[in-house]
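What follows is a single structure, written as structure tokens, with notes after it.
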Amino acid sequence: MIDMLQDVSLIDGVGLIGSVIIGVAYYLATRNILPADKITFNACNIVGGTLVMISLIHRPNLGAIVIEVMFLLIAALAILRNLRGAT
């Protein structure tokens with residue numbers, strides 16, 4: 001565990017911050033504090049996912065990249081739907 005923490009770079013920290021943003025947004029959505037169908041929730045997912053993707057460029061992991069791209073696309077489509085006023 002200590003070895004893993006010693007290997008954490010600045011770019012890993014960026015990914016960690018992204019993960020925290022996504023996790024907090026998801027937690028708030030499950031508590032009905034941050035509605036999952038609103039722009040704020042999806043914007044958190046886009047910001048967090050982008051930060052995670054930045055870290056994945058440094059340390060690639062195909063499975064993580066695929067899921068992040070899917071989540072980013074879903075969030076972007078949800079924001080577009082919100083902006084258009086569709087439910």
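It should be emphasised that the depicted structure is a prediction, and the values quoted were computed from it without experimental measurement. Sequence positions, counted from 1, serve as the residue numbers for this chain.
Panel note: side chain Asn42, backbone Asp37; no donor-acceptor pair is recorded below 3.5 Å.
There is no path of hydrophobic side-chain contacts, each under 4.5 Å, that joins Ile17 to Tyr27. The same ILVMFWY cluster, assembled from side-chain heavy atoms under 4.5 Å apart, contains both Val24 and Ile33. Under the 4.5 Å side-chain heavy-atom criterion for grouping Ile, Leu, Val, Met, Phe, Trp and Tyr, Tyr26 is not connected to Leu77 through any hydrophobic cluster. Criterion: ILVMFWY side-chain heavy atoms under 4.5 Å apart, direct or through other members. Under it, Ile22 and Phe71 are not part of a common hydrophobic cluster. Both Leu73 and Ile39 are part of a single hydrophobic cluster, where members link through side-chain heavy atoms under 4.5 Å apart.
Distance check: Ile74 CD1 to Asn45 CG gives 9.5 Å after rounding to the nearest 0.5 Å. Rounded to the nearest 0.5 angstrom, Ile11 CD1 and Leu16 CG are separated by 12.5 Å. Between the SG atom in Cys44 and the CG atom in Leu34 there is a gap of 6.0 Å [rounded to 0.5 Å].
Sorted by first then second residue, the salt bridge (Lys or Arg N to Asp or Glu O under 4.0 Å) pairs that include residues 41-68, not counting sequence neighbours, are Asp12-Arg59.
Across all non-hydrogen atoms, the minimal contact from Pro35 to Phe41 is O-CB, 3.4 Å.
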All N/O donor-acceptor pairs, side-chain side in residues 50-58, below 3.5 Å, sequence neighbours left out:
unit_1 : atom_1 : unit_2 : atom_2 : d
Thr50  : OG1    : Ile46  : O      : 2.7
Ser55  : OG     : Val52  : O      : 2.7

